[in-house]
Protein chains: 2
Amino acid sequence: MAGVSPRPEVTMAQRKRQLVSTELTEAALQLMAVEGFDAVTVDEIVATAGVSKRTFFRYFASKEDVVVQFLADMGTGMCAELAARPADEPPSVALRHAVWVAMAACADGVDHSGRALRVVQLILRTPALRARFLEHQGQWRDDLAVEAARRQGLDPEVDLYPRLAAGAALAAFDTVLRRWSDSGGAEDPAALTDRAFAVLAPALDEAGVRGPSEGPSGGTSGD
Amino acid sequence: MAGVSPRPEVTMAQRKRQLVSTELTEAALQLMAVEGFDAVTVDEIVATAGVSKRTFFRYFASKEDVVVQFLADMGTGMCAELAARPADEPPSVALRHAVWVAMAACADGVDHSGRALRVVQLILRTPALRARFLEHQGQWRDDLAVEAARRQGLDPEVDLYPRLAAGAALAAFDTVLRRWSDSGGAEDPAALTDRAFAVLAPALDEAGVRGPSEGPSGGTSGD
DNA sequence: TCTTGGGTGGCATTAAGTGTCAAGGAGTTA
DNA sequence: TAACTCCTTGACACTTAATGCCACCCAAGA
């Protein structure tokens, strides 16, 4: 009785749908791990999963999506974490937590075991997948920027800071993720994130409290 | 005699090649300005330019490339500028100049007149083109990181700083470019760049002189 | 004039992605 | 049970991007 939970609100169609999705992802990842992304065709994937090609494109908008799809709600997760942080928290700390959430979702987000690492490595070394990944990051940057602006009481259309802060946070994310991937998962994502934000914090916090005007255009160091 | 310069070292084939390339770019940009990127097919472009489709793909690797191709050597330009800056210059100043070069190349890089702006706007609002653009930025980040590491005497495989600095610089570039595009070219790219680096400078310079160790993992602000 | 080499056009082909429609299964109502 | 509806699927056709292949043309040199 413990193993069977016939949730009335979860229809069978939805479970079936979930099943097909996992089946497709499973097949795609397994094939690509061996032959690489480009060598695997959608026809091979659907043949392995046992569904039609048309169905594949009902679940994923593109061949890249079957690999990168799990990134979709990572942006909202990051943004939600940023929004959930205390309002009086310095930007660097709030953003650090947001990036930490993203790294956590990335490190064990695909599913458990070491497959998350292999997927990340596949993404980072395949141009087409990396492009999609960066495309997602572009969206996250927009989302983080509006949230950062709200926190600081700035206008994202006027002040440069929100978008710069979001970009810096994503630079940290990118750096940490790459390092984690290159180390084969040996390095600790959280510690890496802390180190990255230790570098970025001066800009994030000093600029944040400075307010709407970012100061003279000459910069802090002479020309 | 002034108008005719039959350079002996420049063969006619090369000039012809240049001509076809320009013709193709011209046709593509003109069509896309009206109908948008996705609505224009390669067949339309080649029909307008008067060459075969096969020839199109001898000049450009993809449909996106005909628009984004001018970005190709922008990365090397940025990196070259960074390398050319005095060694004792603070990172924030050197990187600011690198970004300024990139903005200059972008602002009047396609060709003169206001077409550069329209191309940038086209890229920023078209997902497929934005993806290619970000793909290029990914390459620039790698290049800038190794150069930044060289300047600071750091190991890009060990220290987080080089890649973070490169990412921060590109965040500035992204922010400035977007602002410039959104303002319809009204805002001054150089001034925008200065403002962005005024925000980033504390992190770029303080972290840079700190050396190989980025300090404790707890960050500058409490948790 | 002959030849050689880079560039080109046309054709066939692969693969991604989309529109359309008929068929089938699950859930609902009578 | 029968009928009806909603959702999902499979099959087919189609468009388009992108690549390989081969014959052809034209400029440059012997």
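Reminder, nothing fancy here: chain letters follow the sequence lines and each chain counts from 1.
Between the side chain of Arg54(B) and the base of dG7(C) there is no donor-acceptor pair of N/O atoms closer than 3.5 Å.
Judged by closest nucleotide on DNA chain D, Phe56(B) is the one of Lys16(B) and Phe56(B) placed further toward the 5' end. In terms of position on DNA chain C, the residue among Val51(B) and Ala61(A) whose nearest nucleotide sits closer to the 5' end is Val51(B).
With dA18(D), dG9(C), dA16(C) as the choices, the nucleotide that has an atom nearest any side-chain atom of Lys53(B) turns out to be dA18(D). Comparing dA15(C), dT8(C), dA17(D) by their closest approach to the side chain of Arg17(B) singles out dT8(C). Nearest to the side chain of Arg58(B), among dA17(D), dC22(D), dG17(C), sits dC22(D). The side chain of Phe57(A) lies closest to dG17(C), out of dA17(D), dG10(D), dG17(C).
One interatomic measurement links the two molecules: CG of Leu19(A) to P of dT8(D), which rounds to 14 Å at whole-angstrom precision. The CZ atom of Arg15(B) sits 16 Å away from the C1' atom of dG6(C) (whole-angstrom rounding). Across the protein-nucleic acid pair, Leu31(A) atom CG and dA15(C) atom P stand 14 Å apart, rounded to whole Å. Look at CG on Asp43(B): it is 11 Å from P on dT15(D), rounded to the nearest Å. Distance Lys63(B) NZ to dG17(C) P: 13 Å, rounded to the nearest Å. A straight line from CD of Glu44(B) to C1' of dT15(D) spans 13 Å, rounded to a whole angstrom. One interatomic measurement links the two molecules: CD of Glu64(B) to P of dT16(D), which rounds to 16 Å at whole-angstrom precision. If you take CG of Asp38(A) and P of dT19(D), they are 11 Å apart, rounded to a whole angstrom.
For Thr55(B) and dG9(C), the shortest distance from a side-chain N or O to OP1 or OP2 is below 4.0 Å. Side-chain N/O atoms of Tyr59(A) include none lying less than 4.0 angstrom from OP1 or OP2 on dT8(D).
Note: Phe173(A) and Phe133(A) have tilted aromatic rings, judged against thresholds of 30 and 60 degrees for the angle between ring planes.
When side chains are defined from C-beta on, Phe60(A) does not count as touching Ile45(A), because their heavy atoms never get closer than 4.5 Å. At a threshold of 4.5 Å between non-hydrogen side-chain atoms, the residues Phe56(A) and Val66(A) count as touching.
A distance-only check finds no donor-acceptor pair linking the side chain of Tyr161(A) to the backbone of Ala149(A) [under 3.5 Å].
Expressed to the nearest 0.5 Å, how far CG of Leu170(A) lies from CG of Leu134(A) amounts to 10.0 Å.
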